[in-house]
Each structure stands twice: as structure tokens, then as C-alpha cells.
Amino acid sequence: MDRNQSRRQVAAMKQSLFDQGLLDEQFIQLEELQDDANPNFVEEIVTLHYRDSSRLISSIEQALKERNPLDFNKLDTLMHQFKGSSSSIGAKKVKAECNLFREYCRAGNAEGCMRSFQQLKKEYAALRKKLEAYFQLARQAGPQETACRSK
């Protein structure tokens with residue numbers, strides 16, 4: 001497969017992530033910060049997000065197990081942190097699920113929190129898998145050539 005075809009595949013895969021509502025404009029803003037000095041910037045940021053957010057997911061799971069009664073303030077605070085991290089990479093569906101979870105926390109709805117958290121974990125895992133495939137394809141396609149400015 002030639003390089004141009006590979007790049008077209010990368011572009012099509014990225015577009016599908018937007019078309020599916022998985023990513024928002026924040027992802028594009030991250031890509032705009034990537035340059036020749038740091039060609040893997042976005043992948044590194046996403047990798048950091050998943051490493052850090054996995055700890056938050058564990059903390060939320062632990063807090064949800066402490067049901068005598070649930071500490072909705074603690075859950076809301078943890079989810080606020082998770083939402084901020086997810087927003088920073090443009091994880092649109094994950095962020096929406098975070099908002100729903102926080103609404104359930106504010107309403108004191110334990111069952112809603114549990115359902116929302118299960119959905120959030122599905123969205124989180126699906127996006128992670130798709131972004132891993134996207135970055136793998138992008139690495140295979142090689143760096144993008146940038147146009148030189150005329151002097």
C-alpha cells in the first residue's frame with residue numbers, strides 16, 4: 001500500500017470517529033499542537049489519559065461498592081475529574097455519559113449511577129480500542145509532510 005493510500009485510510013478512520021460521535025473538536029485542537037518536534041504528541045496525550053483515567057475508574061468502582069449509603073459527593077467529585085480528563089482528548093460520548101452520571105449523583109439515584117457507569121465503561125473501552133487502531137494505522141502511514149512557507 002502506498003503512503004498516500006495509507007494517509008487516506010487514516011483520514012477516513014478519523015472521520016468515522018467523528019461521524020460516530022466518539023470525538024469532538026478538542027481532538028482536532030490537540031492535533032494542531034502536534035509538530036515535527038513532537039510527532040506523537042496526540043498519541044502520548046491519549047496514552048496518558050488512559051493510564052490516569054484507569055485509576056479514576058477503579059476509584060469510582062470502589063466508591064460504588066461502598067453502598068452504606070453511597071457517597072454521592074465523592075462519586076460526583078471523582079466523575080468530575082474523569083470528565084475533565086476525557087474532555088481534554090475530545091472523548092465526546094464518554095463526556096456525555098459523565099454528565100449523565102453526575103446528574104444521577106445530584107439526584108441521589110444509585111441505580112442510575114450504576115447503569116450510567118456501566119455504559120460509560122463500554123464507551124470508554126470502545127473509544128480506547130478505536131483510538132489504538134487509529135494510532136497504529138497513523139504510525140504505519142508515517143509522518144505527514146507539512147508545506148514549507150515561502151520566504
Side-chain angles (χ1 to χ4, degrees), residues 1-65 74-106 109 111-151:
M1 182 179 329
D2 73 5
R3 187 165 280 210
N4 286 334
Q5 187 177 0
S6 294
R7 287 202 184 106
R8 281 193 297 275
Q9 272 190 314
V10 170
M13 183 180 273
K14 180 171 75 174
Q15 186 59 50
S16 77
L17 295 172
F18 282 91
D19 292 346
Q20 295 170 53
L22 296 171
L23 294 175
D24 65 21
E25 64 282 344
Q26 180 63 33
F27 189 82
I28 298 293
Q29 291 176 358
L30 280 178
E31 286 188 323
E32 290 172 354
L33 297 173
Q34 187 164 286
D35 59 19
D36 293 339
N38 197 351
N40 299 319
F41 176 75
V42 177
E43 185 174 4
E44 290 168 9
I45 294 296
V46 170
T47 299
L48 286 171
H49 161 72
Y50 277 102
R51 187 187 70 211
D52 294 343
S53 62
S54 66
R55 286 191 288 261
L56 281 171
I57 284 182
S58 294
S59 296
I60 294 167
E61 283 178 332
Q62 190 61 41
L64 285 169
K65 289 177 183 172
K74 179 180 179 181
L75 285 166
D76 186 54
T77 298
L78 290 168
M79 190 56 71
H80 179 72
Q81 292 171 13
F82 187 83
K83 177 186 165 196
S85 178
S86 299
S87 295
S88 72
I89 66 160
K92 186 176 181 179
K93 280 189 176 181
V94 172
K95 184 173 79 173
E97 205 58 50
C98 290
N99 286 331
L100 183 59
F101 182 95
R102 293 186 72 207
E103 286 176 27
Y104 286 131
C105 283
R106 287 189 283 272
N109 183 337
E111 186 58 39
C113 286
M114 300 295 262
R115 279 194 321 271
S116 179
F117 186 63
Q118 293 309 312
Q119 184 61 35
L120 180 141
K121 289 194 305 184
K122 287 179 190 171
E123 296 294 348
Y124 172 86
L127 179 61
R128 183 177 193 162
K129 185 177 179 183
K130 289 179 182 195
L131 283 173
E132 285 171 353
Y134 168 75
F135 289 127
Q136 181 178 3
L137 190 61
R139 282 192 306 273
Q140 290 170 356
Q144 295 274 32
E145 276 116 23
T146 53
C148 297
R149 291 185 186 172
S150 56
K151 293 184 180 181

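Count residues from 1 along the sequence.
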Among R128, K129, K130, exactly one meets salt bridge (Lys or Arg N to Asp or Glu O under 4.0 Å) together with E132. Which residue is that?
R128

For the student: nearest non-hydrogen atoms of K92 and G21, plus distance
CB-O, 3.4 Å

Out of curiosity, L75 CG to F101 CZ, how far, rounded to the nearest 0.5 Å?
4.5 Å

Find out whether V46 and E43 are in side-chain contact, i.e. whether some heavy atom of one side chain is under 4.5 Å from a heavy atom of the other.
no

Examine distances only and state if a side-chain atom of Q20 and a backbone atom of S16 form a donor-acceptor pair shorter than 3.5 Å.
yes

Would you say the side-chain atoms of S85 pair up with the backbone N or O of F82, donor to acceptor, closer than 3.5 Å?
no

I'd like to know if the side chain of S116 and the backbone of C113 have a donor-acceptor N/O pair within less than 3.5 Å.
no

Please report the shortest heavy-atom distance between K93 and L22, naming the atom on each side.
CD-CD2, 3.7 Å

When you compare the side chain of L23 with that of L131, does any pair of heavy atoms fall below 4.5 Å?
yes

If the plane angle is over 60° it's perpendicular, under 30° parallel, otherwise tilted; pick one for F18 and F27.
perpendicular

Is there any salt bridge (Lys or Arg N to Asp or Glu O under 4.0 Å) pair reaching into residues 14-25, and which pairs are they, with sequence neighbours excluded?
K14-E31, D24-K95

Looking at CD of Q81 and CZ of R55, how far apart are the two atoms once the value is rounded to the nearest 0.5 Å?
11.5 Å

Measure the shortest side-chain to side-chain distance between Y124 and C98 over non-hydrogen atoms and say whether it is less than 4.5 angstrom.
no

Would you mind telling me which of K121, K122, E123 makes a side chain to side chain donor-acceptor pair (under 3.5 Å) with Q119?
E123

Can you give me the closest heavy-atom contact between S86 and V94, atom names plus distance?
OG-CG1, 3.4 Å

To the nearest 0.5 Å, what is the distance between CD1 on I57 and CG on D52?
11.5 Å

Looking at Q34 and V42, would you say the former's side chain and the latter's main chain have a donor-acceptor pair under 3.5 Å?
yes

Once you round to the nearest 0.5 Å, how far does CZ of F135 lie from CD of E44?
10.0 Å

NZ (K83) and OG (S53) are apart, to the nearest 0.5 Å, by 15.5 Å

Evaluate the criterion side chain to side chain contact (heavy atoms under 4.5 Å, CB included) for residue pair M114 and Y104; output intermediate values, then yes/no.
CA-CA 9 Å; M114 300 295 262; Y104 286 131; over 6 Å; no

To the nearest 0.5 Å, tell me how far S87 OG sits from Q26 CD.
8.0 Å

